[in-house]
Structures are given as C-alpha cells and as structure tokens.
Amino acid sequence: MSDVVSLLAQIEDTGRDTRGPGYQRAGFSNTERELRDWFLAEAARRGLDTEVDDNGITWAWATAPGDNAVVTGSHLDSVPGGGAFDGPLGVASALAAFDELKTSGALERAKRPLALAVFPEEEGSRFGVACLGSRLITGAIEADRALGLIDANGDTFADVARGYGLDPNRIGTDKTRLAQVGSFIELHVEQGIGLINTDQAVAIGSSIIGHGRWHFAFSGQGNHAGTTPMSHRADPVVAASRVIGDIPTLAAATDASAVATVGRTLVHPGGTNVIASGMSFWLDIRHADDAVVKQVFEAISRRAREHAEGAGVEVSISQESYSPTTYFTAELNSRLTSVLPNAPLLPSGAGHDAGILAPHVPSAMLYVRNPTGVSHAPEEACEVDDQRAGVSALVTVLEGELGVSGSGAAGTVGAAS
C-alpha cells in the first residue's frame with residue numbers, strides 16, 4: 001500500500017487554483033466530491049466498508065462497525081487559495097496508519113472497532129459556518145438554520161446537499177452515530193510556529209481557543225460616481241473601510257494576544273463608476289478567554305455604529321458562528337502523552353472538527369510540524385520526514401487506543417530525523 005507521501009501526491013493536482021498558487025476546494029463542491037471519491041476508492045481498495053452518513057460525513061470501517069470505536073481522520077476541503085496539507089494530511093495519514101496497523105497484524109488483535117472519517121465543509125468557505133459536518137452531527141448548529149445557509153451563488157445548503165446525494169429531511173443531530181465513537185484522534189498540519197524551533201515533529205493539542213465569526217453589513221445610497229458631490233453621499237464603503245482600519249488598534253487595546261481579522265469583503269453592486277449601495281465584511285475574532293472575544297467584538301461593533309452614523313449609512317451586525325475555548329479530553333490526552341512523552345502540548349488558534357466533537361466524545365489532536373509556520377496559504381508546508389513521523393505517532397496512539405501492543409519505541413516517535 002501507499003505511504004502518506006505518495007497518497008498526498010495522488011491528489012496534489014486536484015482543485016489547484018487556476019488563478020494562482022494554492023487550492024480551491026470548497027465544501028460540497030465538485031472538487032470536494034472528487035476528493036471524497038478518491039478517499040472512498042482508497043478505502044475500498046483496502047477492503048474497508050464505506051458509507052456517507054446523513055450529514056455528508058464519510059466513514060470507512062476497518063473492522064465491523066460497533067460501539068466504543070476508535071476514529072481518526074480530518075477533512076479534504078480548503079479555504080480559498082489554501083495549502084496542500086490543511087485537512088488532507090490528516091486523511092492521508094489515517095489511510096497510511098491503517099496500512100501499518102494492517103501489516104503489523106495489530107488490527108487482528110484490536111479490542112475496539114476502528115474507523116476513518118472525513119468531515120465536509122470544515123473550513124466554512126462556502127456557507128460561512130466552519131466545521132459544518134461536525135456541527136450538524138453534534139447539534140452544535142440547528143438543522144433548519146444550516147439548511148437555510150446561502151452560498152455566494154445564492155444556493156441554499158438544502159439544495160446543495162440534495163445535489164450531493166443527501167436528504168435534507170435527515171440532516172441534523174445523530175446521537176446514535178456519536179454513541180459509537182469511543183475516541184476521536186485528528187492529525188493535522190500545525191498552523192503556527194510552536195514546533196519550528198524544537199527537535200520534535202509532532203505535538204499534542206491541549207486546547208482550541210475561542211473564536212467567532214460575524215457579518216457586518218453597511219447599507220447606503222447607490223449613486224453616480226461623477227455627479228454626486230462628496231457632501232451629498234451616503235457611502236457604505238467609506239464607513240466599512242474606516243472600521244476595518246480601526247480593527248487592529250481596537251483588538252490590541254483590548255488584549256495584546258487577541259486577534260481580529262477581516263479576510264472577506266463584498267461591495268454591491270461593484271461598478272467602478274458607481275457609489276456602492278452596500279458593503280459587507282466578515283470579522284473573525286479569537287482569544288483563549290471567551291470574555292475577551294466578547295470585549296473585542298463589542299469594541300468593534302461600537303466603532304462600526306459610530307462610523308456608520310458619521311457617513312450617513314446604516315449597519316447591521318449578525319453572528320454567523322461561535323466556538324468557545326475547548327480543552328481536549330484530559331483522560332485521552334493523558335494516554336497520548338504516555339505513549340508520546342516527548343511531544344509538547346500546544347494550544348491552537350485554529351478551529352478543527354475535533355474541537356466541535358470534544359464536548360460530546362473523547363477527542364484529541366496531533367499536530368505535525370510546519371517549517372514555514374504559514375497556513376491557509378500556498379506557503380503552507382510539511383517536510384516528507386515529518387509527514388512520516390506524524391503517521392508513526394498516529395500509529396502509536398491508535399495501537400494504544402485499540403488495546404494492542406505496538407512495535408514503536410515510546411519516546412522516540414515524532415522526534416526529528
């Protein structure tokens with residue numbers, strides 16, 4: 001069977017951005033379907049029983065399905081212009097780990113079922129809600145709200161899901177499926193610099209800091225760019241741009257470690273010789289203390305209303321998603337640190353499906369070193385040796401969870417080669 005490096009090579013051209021470097025792998029798109037089909041084919045080639053559940057989560061059972069299962073996996077979608085490893089590294093590593101467990105005979109001795117899982121729309125780049133698949137299965141988002149989400153083309157999630165082969169009437173909380181999961185371990189490329197200056201290729205996740213997304217919509221009066229005096233304008237672009245310019249100062253003034261980002265804007269109608277009638281932006285705020293996130297949001301909201309009033313426009317603000325600071329399951333993390341004693345514990349500023357699952361099922365994460373520290377961009381990287389070290393660490397963890405004695409030497413797994 002293929003190792004993690006060759007598995008990733010199989011999909012390295014799928015979803016490449018035709019406009020520049022990076023990838024366009026939007027959730028529930030034809031590209032994500034192509035990647036899902038790749039995973040299904042690789043799983044079938046290994047003799048795994050596969051299924052896509054009512055929420056679009058793909059499952060591949062290495063053993064007979066059952067309760068108290070050990071589950072590992074990640075996602076295959078990307079942010080616009082994303083890198084090659086965010087998501088796919090965890091999926092390819094799950095397949096490679098299965099191969100090693102199969103070859104060693106560990107699966108024959110396993111005391112618990114094993115499954116691989118792929119979660120859809122983790123990035124939220126299509127419908128604005130991150131980790132949509134895991135939110136649906138856990139009930140972290142109500143089905144009715146999810147079905148009414150609208151993408152940039154004006155298509156509802158209900159219609160898109162139907163075209164994806166899902167029944168909108170069956171989408172939502174699945175307690176039966178969750179009850180089968182005894183532990184979930186997600187491997188992911190590190191989206192930061194915690195491992196850059198260490199001799200370790202793999203870290204264990206300690207927590208995911210609180211983060212939320214809000215939509216700010218400014219509405220004014222569209223008009224002619226050449227005939228409307230500056231004194232007679234109600235220009236939403238002016239107000240929104242002033243707010244965006246103030247965000248770094250407002251975040252820093254609240255707490256030096258708070259981060260606030262505007263990564264997407266939309267101007268309507270978008271003509272070069274037209275004063276816009278509307279401008280929207282999406283705000284992302286993150287901090288380990290949920291109270292600080294709230295304070296940053298309130299400071300930016302107040303400034304938005306002030307600038308809107310000053311420009312003679314209106315502003316409406318709505319929350320799209322919020323995930324409080326999540327700590328991974330202590331007992332499960334204790335088992336991970338016992339078999340990977342040299343792996344550092346790292347908090348993450350990035351959200352993951354494991355973080356959504358953690359309040360419902362025992363969950364943990366492994367992070368694999370990213371030498372650039374850059375993520376959500378084409379410069380995201382992961383060295384070949386580190387990719388393989390990540391698989392070795394995952395195998396060691398899975399052996400422990402499955403109740404089989406592994407052949408790896410605890411304490412050396414994940415170290416730099």
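Between Phe28 and Glu121, some side-chain heavy-atom pair lies under the 4.5 Å cut-off. Contact annotation: the side chain of Lys175 approaches that of Thr173 to within less than 4.5 Å [non-hydrogen atoms, C-beta and beyond]. Looking at Ile185 and Val71, their side chains never come closer than 4.5 Å, going by heavy atoms from C-beta outward. At a threshold of 4.5 Å between non-hydrogen side-chain atoms, the residues Thr138 and Leu357 count as touching. A 4.5 Å side-chain heavy-atom check between Leu166 and Asp54 finds every atom pair outside the cut-off. Under the 4.5 Å side-chain criterion, counting only non-hydrogen atoms from C-beta, Ile285 is in contact with Leu283.
One finds the CD1 atom of Ile244 at 10.5 Å from the NE2 atom of His307 (value rounded to the nearest 0.5 Å).
Contacts of Arg162 classified as salt bridge (Lys or Arg N to Asp or Glu O under 4.0 Å), with partners at least two apart in sequence or in another chain: Asp159.
Summarising the geometry of Leu187 relative to Ser93, their closest heavy-atom pair is CD2-OG, 3.5 Å, with the distance given to 0.1 Å. Nearest heavy atom pair, residue Leu195 against residue Pro344, reads CD2-CG, 3.7 Å. Nearest heavy atoms, Asp353 versus Ser134: OD1-OG, 2.6 Å.
For the residue pair Trp38 / Gln10, a side-chain donor-acceptor distance below 3.5 Å is found, with atom types taken as modelled. In this structure, a donor-acceptor pair under 3.5 Å is absent between the side chains of Thr254 and Gln295. With 3.5 Å as the limit, one finds a donor-acceptor pair spanning the side chains of Asp77 and His75. Between the side chains of Glu379 and Thr372, no donor-acceptor pair of N or O atoms lies under 3.5 Å. Using modelled atom types, one finds a donor on one side chain and an acceptor on the other under 3.5 Å when comparing Asp17 with Gln24. Side-chain contact annotation: Ser6 with Asp3, donor-acceptor N/O pair under 3.5 Å present. Looking only at atom types and distance, the side chain of Thr261 has no donor-acceptor partner in the side chain of Arg286 under 3.5 Å away. For the residue pair His376 / Glu123, a side-chain donor-acceptor distance below 3.5 Å is found, with atom types taken as modelled. Side-chain contact of Ser183 with Arg112: a donor-acceptor pair under 3.5 Å is present, judged by distance alone.
Figure legend: cation-pi geometry between Arg135 and Phe119 absent, as NZ or CZ is not positioned both under 6.0 Å from the six-membered ring centre and within 45° of its axis. A cation-pi arrangement is not found for Arg36 relative to Phe39, the charged atom failing to lie both closer than 6.0 Å to the ring centre and inside a 45° cone about the ring normal. Judged by the 6.0 Å and 45° rule, Arg177 forms a cation-pi pair with Trp59.
The 12-atom threshold is exceeded at CD of Glu51, counting heavy atoms of other residues, nucleotides or ligands nearer than 6.0 Å. No more than 12 heavy-atom neighbours from other residues, nucleotides or ligands sit within 6.0 angstrom of CZ on Arg170. Counting heavy-atom neighbours within 6.0 Å of Leu345 CG, excluding the residue itself, gives a total above 12. Around NE2 of His268, the count of heavy atoms belonging to other residues, nucleotides or ligands within 6.0 Å does not exceed 12.
Between Arg16 and Asp13 there is a salt bridge, with a side-chain nitrogen of the basic residue lying less than 4.0 Å from a carboxylate oxygen of the acidic one.
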> Yes or no on ring-ring contact (aromatic ring centres under 6.0 Å, His included) for Phe297 and Tyr322, after CA distance, side-chain angles and deciding distance?
Replying inline: CA-CA 12 Å; Phe297 166 69; Tyr322 190 78; 9.5 Å; no

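Looking only at distances, a side-chain donor or acceptor of Arg46 sits under 3.5 Å from a matching main-chain atom of Glu42. In terms of modelled atom types and a separation under 3.5 Å, the side chain of Glu186 and the main chain of Thr72 share no donor-acceptor contact.
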